[in-house]
Engineer: 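My questions will all concern the structure given below.
Residue numbering restarts at 1 for every chain, and letters A, B, ... go by the order of the sequence lines.
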2 protein chains.
Amino acid sequence: MLSHKILPNISIDCVIFGFDSEKLNVLLVERELLDEKGNVIIKDYTLTGYHILEDEDLNNSAYNILKNLTGLDNIYLEQFYTFGSIDRIDEGKDRLWQQHLNLGFSERIISVGYYSLINNDKVAVSSKDRKIQWFPIDSIPLLDMAFDHKQIFYKALDALQNKMKLEPIGFELLPDKFTLTQLQKLFESLSGLPIEKRNFRKKIAKLPYIVPLKEKQKGVSHKPAQLFLFSREVYEKTRKEKSFF
Amino acid sequence: MLSHKILPNISIDCVIFGFDSEKLNVLLVERELLDEKGNVIIKDYTLTGYHILEDEDLNNSAYNILKNLTGLDNIYLEQFYTFGSIDRIDEGKDRLWQQHLNLGFSERIISVGYYSLINNDKVAVSSKDRKIQWFPIDSIPLLDMAFDHKQIFYKALDALQNKMKLEPIGFELLPDKFTLTQLQKLFESLSGLPIEKRNFRKKIAKLPYIVPLKEKQKGVSHKPAQLFLFSREVYEKTRKEKSFF
DNA sequence: GCAAAAGTGTTACCGGTACACCCATGC
DNA sequence: GCATGGGTGTACCGGTAACACTTTTGC
């Protein structure tokens, strides 16, 4: 049985990435504050976060936040950075928001950032009482976000892009069975760069851990594409360390 | 003026890497506890760490720990992971140590890990009242370390190795002017893999940010080597993003 | 003149890149 | 039969890997 006592100075923020076969998205929660007359004082978006319990593993805690939000088990989750500036909280709206909630968390908080990768199809976002929505990552620059969450988002994106250079990651964003075009679009979304189709396919064909299935796409009004599977087992067995430069 | 009140649940641990022209080392602090009769009860090694003040930036705090220890400014410092398991503290010797110090920190602590890269020559380790010593990284597996510091060390090494695959890092470990042999030994130490000399030099020759100087090594009893400089400016100007796979 | 490390050239292979056309399906 | 995305081959180039000998200096 876990204690319900929380650690006062630590929180977790999760950057949840999703992919809808076209573009990369991030899941955000609306934050809205009304005054007595019902006028909107604050309306912006936050990442999903929570405090941690005093006898709860940090990684478990992040995992639980996600499970709670999405209802999914076995979510891909990666810790990427810890944010500890003294000016993480904006003296305007963030302070106002905290006074409103009256949670007593207004003192210094260090936040541990995690990013997670979720296949959009699998998330029937169970919004509960909060307004939750996917945003294309292109739309983030113009979006108004709470606290230092925009900065956290960018750092997560950067970490994800770097991680991709080191390991084949991101298959969690696709359906279990995917086409090469979906895979290509995913990589293009993640990197922000276009990829040449033929060369892309030749490269993929050499990777033993991207396994062609006998199955084909169905119900599309064009030549149906072959489906593929990512095999983590094969990857782990055949992975090679790249050298420097 | 900074407050001297510390945040109760957060600490910083620094993994300080050094290079002595032959091998990679890490700086550790001896931890020793004697009983009333002077018998050694605990003797092992710790990373350098400290708690942070309630109005102190996380990154600044790490920076100050290093400045304090080494006397150096402008140290290369990178945050790599935050450790928050509930079993970070060993119930045997770590608990004993904490009782001895009687610091009241025995509750749950989350620790933010930083690694730093220092040229061994530049560190006249000012040991003050603590025993501080460089250890070759090969010797770590057999070393007895406090808390989860061995695990933190391995994670730092892993992070450093990954970082090197993405950017030319590690020049901070060398003298400002270095020979290609020193550079090669550094890369070999960091990766743990041997490198073929001629191919290595051809590769380096193509990198615009490794700048040959007109100067040569002096006072060696063999053909003196040419000296080189790492130019971060040139690197930043000419850096190219690698693609995936 | 000898020990010790510096420095260099060639070849073979592989992977990356650039590029344009035919194919299977639904409607 | 046409629109839509699926799927492929070839030529060139640059990078990587494997390999052994000559050069410069201090002593």
Engineer: With sequence neighbours left out, what residues match B:Asp148 under salt bridge (Lys or Arg N to Asp or Glu O under 4.0 Å)?
Structural biologist: B:Arg88
Engineer: When the distance from CG of A:Leu227 to P of D:dG5 is rounded to whole Å, what number comes out?
Structural biologist: 17 Å
Engineer: Taking any heavy-atom pair under 4.0 Å as a contact, classify B:Thr181: base, sugar-phosphate, or nothing.
Structural biologist: sugar-phosphate
Engineer: Rounded to whole Å, how long is the line connecting atom CZ of B:Phe200 with atom C1' of C:dA6?
Structural biologist: 14 Å
Engineer: Would you mind reading off the distance between A:Ile195 atom CD1 and D:dG7 atom P, rounded to a whole angstrom?
Structural biologist: 16 Å
Engineer: Which residues pass the salt bridge (Lys or Arg N to Asp or Glu O under 4.0 Å) test with A:Arg198, not counting sequence neighbours?
Structural biologist: A:Glu196
Engineer: How close or far is atom P of D:dG6 from atom CG of A:Leu213, stated in whole angstroms?
Structural biologist: 16 Å
Engineer: What is the separation between atom CD on A:Gln217 and atom P on D:dG5, rounded to the nearest whole Å?
Structural biologist: 11 Å
Engineer: Summarise how protein sits on nucleotides 19-27 of chain C as a single string, 5' to 3': B when a protein heavy atom is under 4.0 Å from the base, S for sugar-phosphate-only contact, - for no contact.
Structural biologist: BB--BBBS-
Engineer: If you take the centroid of each ring, where Trp contributes its six-membered ring, are A:Tyr81 and A:Phe83 closer together than 6.0 Å?
Structural biologist: yes
Engineer: Taking side chain to side chain contact (heavy atoms under 4.5 Å, CB included) as the test, write out the residues that go with B:Thr179, two or more places apart.
Structural biologist: B:Thr181, B:Gln182, B:Gln217, B:Ala225, B:Leu227
Engineer: B:Leu183 has an atom CG; how far is it from atom P of C:dA5, in whole Å?
Structural biologist: 18 Å
Engineer: Test of understanding: with salt bridge (Lys or Arg N to Asp or Glu O under 4.0 Å), list the residues that count as partners of A:Glu236, not counting sequence neighbours.
Structural biologist: A:Arg232, A:Arg239
Engineer: In whole angstrom, what separates B:Arg201's CZ from D:dC19's P?
Structural biologist: 19 Å
Engineer: Between atom CD in A:Gln184 and atom P in D:dG5, what is the gap in whole Å?
Structural biologist: 14 Å
Engineer: Can you sort out the partners of A:Asp20 under salt bridge (Lys or Arg N to Asp or Glu O under 4.0 Å), two or more places apart, ordered by chain and number?
Structural biologist: A:Lys23
Engineer: What's the closest nucleotide to the A:Lys203 side chain, out of C:dA6, C:dT17, D:dT8?
Structural biologist: C:dT17
